[in-house]
Structure formats: structure tokens, C-alpha cells
Amino acid sequence: MVKRTTYCGLVDEKYLNQEIDLAGWVQKRRSLGNLVFIDLRDREGIVQLVFSQEINAEALAVAETLRSEYVISVHGKVAARAESAVNDRMKTGKIEVEVTELTVLNKSKTPPFDIADNVTASEDTKLKYRYLDLRRPEMMAAIRTRAQIVKSAHHYLDDHGFIEIETPDLTKSTPEGARDYLVPSRVYPGSFYALPQSPQLFKELLMTAGFDRYYQLARCFRDEDLRGDRQPEFTQIDLETSFLSAEEIQSLTEGVIAQVMHDEKGIDVKLPFPRITWNDAMARYGSDKPDLRFGMELQDLSEFFKDSAFKVFSGAVANGGQVKAIVAPQAAAKYSRKQIEAIQEYIKRFGAKGLAWLKVDNGEVTGPVAKFVKDQQAELIAKLGAQDGDLLLFVADSKKVVADSLGYLRNFLAKELDLIPANQYAYTWVVDWPLFEYDEGDQHWIAAHHPFTMPNEEDIHLLDTDPHAAHAQSYDIVLNGYELGGGSIRIHTREIQEKMLKALDFTLEQAQEQFGFLLDAMDYGFPPLGGLAIGLDRFAMLLSGRDNIRDVIAFPKNSKATEPMTTAPSRVASAQLDELGLNVEDAPEK
RNA sequence: GGUUCCAUGGUCUAGUUGGUUAUGACGCCUGCCUGUCACGCAGGAGAUCACCGGUUCGAGUCCGGUUGGGACCGCCA
């Protein structure tokens with residue numbers, strides 16, 4: 001048993017002249033011969049230990065042999081540092097511990113990278129030695145931010161009558177949505193469980209059971225390619241309620257977020273958060289998850305340019321498309337023609353065929369297409385609210401291409417032009433989503449949210465006539481341009497649910513096979529219900545100021561969905577496969 | 001599935017037109033040092049230039065492939 005009085009980072013003047021015990025890792029040894037300083041680190045911070053002949057010769061001798069990341073325990077006296085030796089950059093910089101007893105609890109190899117916040121090692125190296133990476137204070141802080149969010153959410157939801165209930169991780173594969181992770185059944189060779197993409201159906205059934213308010217920190221699994229804000233397994237703060245309206249559910253969600261912001265950031269957010277319809281978000285920001293920390297909105301010039309001599313503009317309008325622009329403030333001098341062309345190349349990935357641009361100079365526009373708009377220039381500048389020195393960027397194309405490319409450009413330029421204020425948290429609800437969206441790849445209609453989403457009351461009749469025009473009672477909560485969470489009012493009658501599935505080209509037989517248990521439940525007193533899930537990983541990422549959710553997951557996967565530390569996924573013994581009745585084809589040994 | 005970038009001591013990295021003893025910093029090791037905190041000073045060790053093949057008198061460098069990794073598009077109800 002190692003004795004410990006307090007954490008290294010918490011030793012302060014109240015321990016002055018007291019004998020204390022500490023334990024931790026050696027951050028740094030500074031030897032001046034017969035005077036040795038050791039920075040000792042634990043989860044709360046660093047304190048300086050001092051060893052000398054006068055204090056204890058034996059301890060000094062051992063201190064000389066210490067190296068980075070050795071684990072030690074010490075006994076000593078907390079002493080005030082001399083005025084000249086005070087370190088203002090250290091929380092514990094006014095004191096030091098004069099060590100009389102030193103025990104080496106374990107040695108350490110030289111770590112592959114410094115245990116410090118400015119570490120330069122590659123992501124791969126850091127993940128391979130994740131336990132060392134997590135020793136770094138900024139990593140530990142991010143993981144602790146996550147823990148605080150969880151604690152606050154528990155607190156708020158418990159206080160508001162939510163009951164925490166676990167749902168299965170081994171469940172049934174669902175056809176729509178992401179690819180499932182499959183788990184073979186030993187008892188039924190050839191049959192598979194799936195890991196849940198979300199607890200959606202279970203939480204609805206909990207409402208049927210009458211729990212009324214459910215929540216859970218739900219692990220979700222989706223076998224899709226990764227991104228900075230996407231991991232194959234992630235956690236949702238998942239909740240579901242009975243008998244509440246969309247507005248009431250949003251208000252509860254705001255309560256969770258406000259509690260978290262108060263507890264973790266000390267910020268009392270202003271409620272309610274703004275609401276923007278999906279249509280407006282797409283029109284004004286070119287995104288269904290707009291970053292509201294800055295302006296630079298998309299402005300519609302379709303009408304303005306419908307008769308333009310510039311055929312790219314007028315032609316797009318004539319073909320049912322749009323011309324839209326964003327005004328990049330004081331960016332004219334910052335972007336050369338060549339740089340703008342590079343941007344143009346970049347937005348081609350969103351389908352844009354080109355990027356027209358103008359610079360505003362002395363009340364006039366300049367640039368390659370200026371000649372087409374010369375006679376309208378004053379009107380154009382006034383309409384866009386542009387100033388001298390601004391850069392105007394135009395995309396003329398279909399509605400979708402215009403939104404995608406200018407929406408991307410808006411975010412890109414805001415970053416480059418440093419228009420995004422630091423330490424600001426801009427929450428917004430995006431509401432009134434389309435119920436369906438068209439999958440260009442598979443050439444069919446899919447549910448925009450999921451197939452259990454309730455249409456708007458006034459659109460229910462459209463399910464019989466023009467289902468794909470219907471809008472949904474669904475809502476996303478957006479923070480700083482990230483989809484933080486989303487939810488909806490669910491369908492609770494079999495009649496509407498069957499119409500919905502029909503609109504998605506499910507036959508009744510398919511529906512019965514895949515969701516039969518849900519449809520059956522609808523025959524036994526299924527209450528009106530709705531809920532939402534907040535992405536815990538993204539929330540923690542945003543509140544800890546990181547740009548990758550790996551940083552708030554203790555043991556994440558890399559971008560290729562493997563884990564460099566354990567080397568999962570890995571091959572298994574053929575006996576294991578035999579037991580499962582599985583045959584692996586064409587899988588070379590690695 | 002696609003696009004693109006990358007791979008050089010433990011770590012990060014320079015390496016020009018194909019010819020160097022493969023550069024530097026940090027780290028590491030040894031010695032000296034009683035007020036350091038980016039300690040200092042002196043010395044030292046440490047590289048299969050990811051892998052396979054090709055071009056060439058000669059390849060870290062050029063070409064082809066493989067592997068691993070990063071970012072992005074598709075995908076993510």
C-alpha cells in the first residue's frame with residue numbers, strides 16, 4: 001500500500017511545513033550535481049521535489065538514478081521556495097517538497113514520445129501507446145470533460161423523472177441505415193445478431209411498456225467509414241418520452257445542455273435556443289447543420305441575374321437552378337486569382353462546375369466576369385451589402401450543388417479569414433425536415449431521419465397522395481456547425497406506420513419480417529411518443545475544444561477502423577470459426 | 001468504392017540535378033556541476049532511408065508495385 005496525502009497538483013501553501021506523502025510519475029529530472037530537482041506528475045498536476053545532501057543523502061543518491069516516467073513515492077516536508085526560486089508559471093510554483101524518503105515503485109523505458117501537451121508524434125504512434133498518450137494533461141482533461149458531461153446529464157435527467165434502462169447490444173439486424181456489425185450465433189450456426197446502430201426500437205417499446213421517460217448512455221455501432229467526428233462505436237445520451245410535444249422534448253434537451261454548460265464551462269446559456277427550419281438553413285447557410293458563430297450568409301441572386309448577359313448565371317436560372325453568392329469580408333486582397341482557382345477546384349467535389357468571383361474596389365467590381373455585371377454593379381453591391389475590399393463568390397447551379405458548394409465555402413472562408421470567435425457556443429435547432437430524401441445512388445426514396453418518424457400533422461394526408469413532399473416532426477440540435485443530436489416525434493399508430501413503410505417501398509411481408517414486433521406492439525396501446533439522442537463524443541469534443549472525437553474516447557479506432565494498440569480486428573483460431581459454422585474465404589494471413 | 005498526401009536514428013525533421021562520412025533539433029548514455037524549472041557545460045552512442053522489384057556504372061532521391069498511415073468525397077436511417 002502506497003501512502004499518499006494528496007495529489008501532486010494539489011499541494012499548496014496550506015501544507016507548508018507539513019510532512020506529506022506523494023506518489024506519481026517522474027516528469028523531468030534536473031540534476032545540478034548534489035542538488036536534484038524532480039517534477040512529479042499525477043492526474044492533478046505537477047509539483048517540484050528537491051533532493052540534497054542536507055535534506056537526505058540517501059534519497060539524493062536514488063534521485064540521481066531516476067528517469068522519465070519512473071513511478072515513485074516520496075515522503076518529505078513542504079517548504080516555501082525562496083523568493084528568487086518561485087515559478088509563476090506553475091500552480092504549485094510557490095512551494096516544493098524536500099524529500100527525505102524515496103521509493104522507486106517501478107522503472108520505465110524511455111517513452112516513445114514526450115508526455116507533454118506539445119507532443120509531435122504521429123497519430124499512429126500515439127494510438128499504439130495510447131496509455132502514454134492519455135498521460136498527457138490535455139488528453140486527460142478532454143476525457144474528464146466527457147465524464148463531467150455524463151455526470152451532469154445523469155443529474156439533470158434523474159431530476160426530471162427519467163428512468164435509466166439498458167437495452168441489448170446483441171440484437172436484430174436492420175435493413176435500412178448503416179451497415180451492421182454482425183455477431184455470429186454459436187447456438188444457431190448461420191444466424192447472426194447485429195450490434196445496435198441505435199436503441200431506437202427498444203426505447204419505443206419501453207414507452208409502450210409505460211416507463212414514460214427513459215434515458216441511457218447508449219453504445220451505438222455503425223460499420224461505415226470513419227471521419228474525424230465519426231467512430232464505428234460511439235455513445236449517445238439517448239432519451240425517449242411519452243405524451244410530449246416536439247417543443248417539450250426540445251425544452252428538456254435544452255435543460256440537459258444548459259446543465260452541462262453550467263457545470264462544465266461555467267456558462268449559463270440563454271434558453272430557448274433559436275429555431276431555424278431546414279429549408280431556411282439550406283437557403284441561408286447551405287447546410288443542415290449551420291455554424292451560427294459568424295454571418296456570411298448565402299444570398300439569392302437568381303432573380304437578379306435571370307436575364308443576365310452572363311449565360312452561366314441566366315442559364316442556370318432558366319434550367320430551374322439558382323445563382324447565389326457569399327460576401328467574404330475584406331478578402332479581396334488576401335486571395336490571388338490563382339488561389340481562387342484552387343478553391344474552385346476544391347468545390348468541384350460538390351458538383352460545382354465553376355466559381356465566379358468579383359472583387360469590390362472603390363464601389364466598382366473587378367474580375368474576369370465583371371464585364372457582364374458592370375451595368376448592374378452598384379445595384380449588386382448594394383443588394384449584397386458589400387464593402388470595398390470584399391470578395392464576392394458566386395455559384396450558379398442546381399439548388400443542391402449551390403447549397404453544398406457555397407455552404408462548404410462559407411465554413412472554409414470563415415476559418416481562413418479568422419471570422420469565428422473563440423470560446424463561443426452557438427446552439428440552434430434545425431426543425432421541419434423533409435420526411436424523405438432521394439438516394440441518387442440506389443435510385444429510391446429513403447427516410448431522411450428514420451422510418452418511424454411522424455410526418456407533420458398537416459402532411460399526414462400526403463402519405464396517400466404525394467408522400468415525398470411531406471415534412472417531418474424531426475429536429476436536430478446543432479452546435480458550432482456540428483450535428484450534436486437529433487430526434488423526432490415517432491409514429492405511434494399502425495395505420496400511419498404502414499403507409500410510411502409503403503412509401504419506402506417495403507412490402508407488408510418485409511415490414512412484418514423486420515419490424516413485426518414493433519408493428520404488433522402498435523396494436524396493444526402504443527402511446528404517442530418522441531425522443532432524441534445527443535452525440536456524447538461530439539459534445540465532449542466541442543466542449544474540450546478538440547477537432548477529433550478520438551481525443552475524447554479513451555481507446556478509439558484509427559481512421560482505418562483498426563486499433564493500433566490491441567491490433568483489433570484480428571484473425572481468430574479456426575476452431576473458433578468451426579464452432580460458429582463459419583468459413584472464411586480468401587483471407588490472406590497478415 | 002474513389003481522390004489526394006505521406007513514410008529518413010526513440011521522436012520530429014533536412015536531404016538541391018542521381019555521386020554527402022545521410023542534416024538538424026529534441027530525447028538517450030557518460031562525466032562535471034547546490035537553486036533548477038526549455039537547467040548548463042564537455043563528450044558519446046544511436047539509421048536495413050517502410051517493403052519488393054526495375055532503370056542506372058551508381059538510387060534516400062527516378063519508375064512500377066506492395067504495405068502502413070493522414071485528410072477528403074461516396075457512405076454514415
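All values reported here derive from a predicted model rather than from experimental measurement. Letters A, B, ... mirror the listed sequences (proteins, then strands); counts begin at 1.
The number of heavy atoms from other shown groups lying within 6.0 Å of CG (A:N17) is above 12. For NZ of A:K128, the number of neighbouring non-hydrogen atoms (other residues, nucleotides, ligands) closer than 6.0 Å is 12 at most. Other residues, nucleotides and ligands contribute more than 12 heavy atoms inside 6.0 Å of the CZ atom of A:F192.
If you check every strand for non-hydrogen atoms under 4.0 Å, A:A82 touches nothing. Residue contacts for A:A85: at a heavy-atom cut-off of 4.0 Å it reaches a base atom on one of the strands shown. Residue contacts for A:T562: at a heavy-atom cut-off of 4.0 Å it reaches the sugar-phosphate backbone alone, with no base atom in range. When heavy atoms are screened at a 4.0 angstrom cut-off, A:N548 is found touching the sugar-phosphate backbone but no base atom. Within 4.0 Å of A:Q197, counting heavy atoms only, lies no atom of the nucleic acid at all.
Considering only side-chain atoms of A:R81, the nucleotide from B:C37, B:G68, B:U34 that sits closest is B:C37. For A:D114, whose side chain is taken as the heavy atoms from C-beta onward, the closest listed nucleotide among B:G69, B:C26, B:C75 is B:C26. Looking at the side chain of A:D225, the nearest of the listed nucleotides B:C75, B:U34, B:G27 is B:C75. Considering only side-chain atoms of A:R179, the nucleotide from B:C75, B:C28, B:A71 that sits closest is B:C75. Checked against B:G69, B:G35, B:C26, the side chain of A:F37 finds its nearest nucleotide in B:G35.
Atom-to-atom distance recorded for A:L508:CG and A:E513:CD is 13.5 Å, nearest 0.5 angstrom.
Screening A:K107, A:R136, A:K109, A:R41 against A:E69 for a salt bridge (charged side-chain N to carboxylate O under 4.0 Å, His left out) leaves a single residue, A:R41. Paired with A:F436 under the rule ring-ring contact (aromatic ring centres under 6.0 Å, His included), one option of A:H468, A:H450, A:H471 passes, and it is A:H468.
In terms of phosphate contacts, A:R550 brings a side-chain nitrogen or oxygen within less than 4.0 Å of OP1 or OP2 of B:A71. The side chain of A:R89 contributes an N or O atom lying less than 4.0 Å from OP1 or OP2 of B:A38. A:N558 has a side-chain polar atom (N or O) that falls below the 4.0 Å cut-off from OP1 or OP2 of B:G69. For the pair A:S84 and B:U36, the criterion of a side-chain N or O lying under 4.0 Å from OP1 or OP2 is not met. OP1 or OP2 of B:C39 sits under 4.0 Å from a side-chain N or O of A:K28. Side-chain nitrogen and oxygen atoms of A:K91 include none within less than 4.0 Å of the OP1 or OP2 phosphate oxygen of B:C37.
With rounding to whole Å, A:R227 atom CZ is found 13 Å from B:G70 atom P. A:E96 places its CD atom 16 Å from the P atom of B:U34, with the value rounded to the nearest Å. Computed from coordinates, the A:E345 CD to B:A71 P distance equals 23 Å when rounded to whole Å. Straight-line distance from the CD1 atom of A:I115 to the P atom of B:G27: 14 Å, rounded to whole Å. At whole-Å resolution of the value, NZ in A:K107 and P in B:C28 are 16 Å apart. In this structure, A:E224 places its CD atom 12 Å from P of B:G1, rounding to the nearest Å. Atom NZ in A:K126 sits roughly 16 Å away from atom P in B:G69 (whole-Å rounding). Remark: P of B:G69 and NZ of A:K560 are 6 Å apart, rounded to the nearest angstrom.
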Inset, instruction - Would you mind building the protein contact string for nucleotides 8-15 of chain B? One character per nucleotide, 5' to 3', B for base within reach (heavy atoms under 4.0 Å), S for sugar-phosphate only, - for untouched. - result: --SSS---
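The residue among A:A178 and A:Y408 whose nearest nucleotide of RNA chain B is located toward the 5' end is A:Y408. Where A:E123 and A:D439 meet RNA chain B, the nucleotide closest to each residue was compared, and A:E123 sits on the side nearer the 5' end.
Applying the salt bridge (Lys or Arg N to Asp or Glu O under 4.0 Å) rule to A:R550 yields the partners A:E123; only residues at least two apart in sequence or on another chain are considered. Every residue two or more places apart in sequence or in another chain was checked for a salt bridge (Lys or Arg N to Asp or Glu O under 4.0 Å) with A:K399, and none qualifies.
Taking atom P on both B:A14 and B:A50, the two are 14 Å apart, rounded to the nearest angstrom. The separation of B:C63 from B:A7, taken at their P atoms, amounts to 14 Å, rounded to a whole angstrom. Of the C1' atoms belonging to B:C33 and B:C41, the separation is 8 Å, rounded to the nearest Å. Nucleotides B:U17 and B:U30 have their P atoms positioned 43 Å apart, rounded to a whole Å. B:C62 and B:G58 are spaced 13 Å apart, taking the C1' atom of each and rounding to whole Å. Atom C1' of B:G27 sits at a distance of 16 Å from the matching atom of B:A47, rounded to the whole Å. A gap of 24 Å separates the C1' atoms of B:G69 and B:A22, to the nearest Å.
For residues 478-493 of chain A, every residue pair satisfying the salt bridge (Lys or Arg N to Asp or Glu O under 4.0 Å) rule, not counting sequence neighbours, is listed here: A:E240-A:R490. Every pair passing side-chain hydrogen bond (donor to acceptor under 3.5 Å, both in side chains) that includes a residue from residues 70-79 of chain A is listed here, sequence neighbours excluded: A:E19-A:H75, A:D21-A:H75.
Side-chain to base pairing of A:R67 with B:G27: no donor and acceptor N or O lie closer than 3.5 Å to each other. With hydrogens and angles ignored, no donor-acceptor pair closer than 3.5 Å exists between the side chain of A:R30 and the base of B:C33. With hydrogens and angles ignored, no donor-acceptor pair under 3.5 angstrom links the side chain of A:R29 to the base of B:C37. Evaluation of atom-type donor-acceptor distances gives no pair under 3.5 Å for the side chain of A:R222 against the base of B:C76. Within 3.5 Å, a donor on the side chain of A:Q48 pairs with an acceptor on the base of B:U36, or the reverse.
Across the strands present, B:G27 finds no partner; the criterion is a Watson-Crick or G-U wobble pair with both atom distances under 3.5 angstrom. Base pairing annotation: B:U3 forms a Watson-Crick or G-U wobble pair with B:A71, both donor-acceptor distances under 3.5 Å.
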Which side-chain N or O atoms in residues 495-504 of chain A pair as donor and acceptor under 3.5 Å with protein atoms at least two apart or in another chain?
residue: A:Q497; atom: NE2; partner: A:P451; partner atom: O; Å: 2.9
residue: A:E498; atom: OE2; partner: A:R494; partner atom: NE; Å: 2.9
residue: A:K499; atom: NZ; partner: A:D464; partner atom: OD1; Å: 3.3
residue: A:K499; atom: NZ; partner: A:D464; partner atom: OD2; Å: 3.3

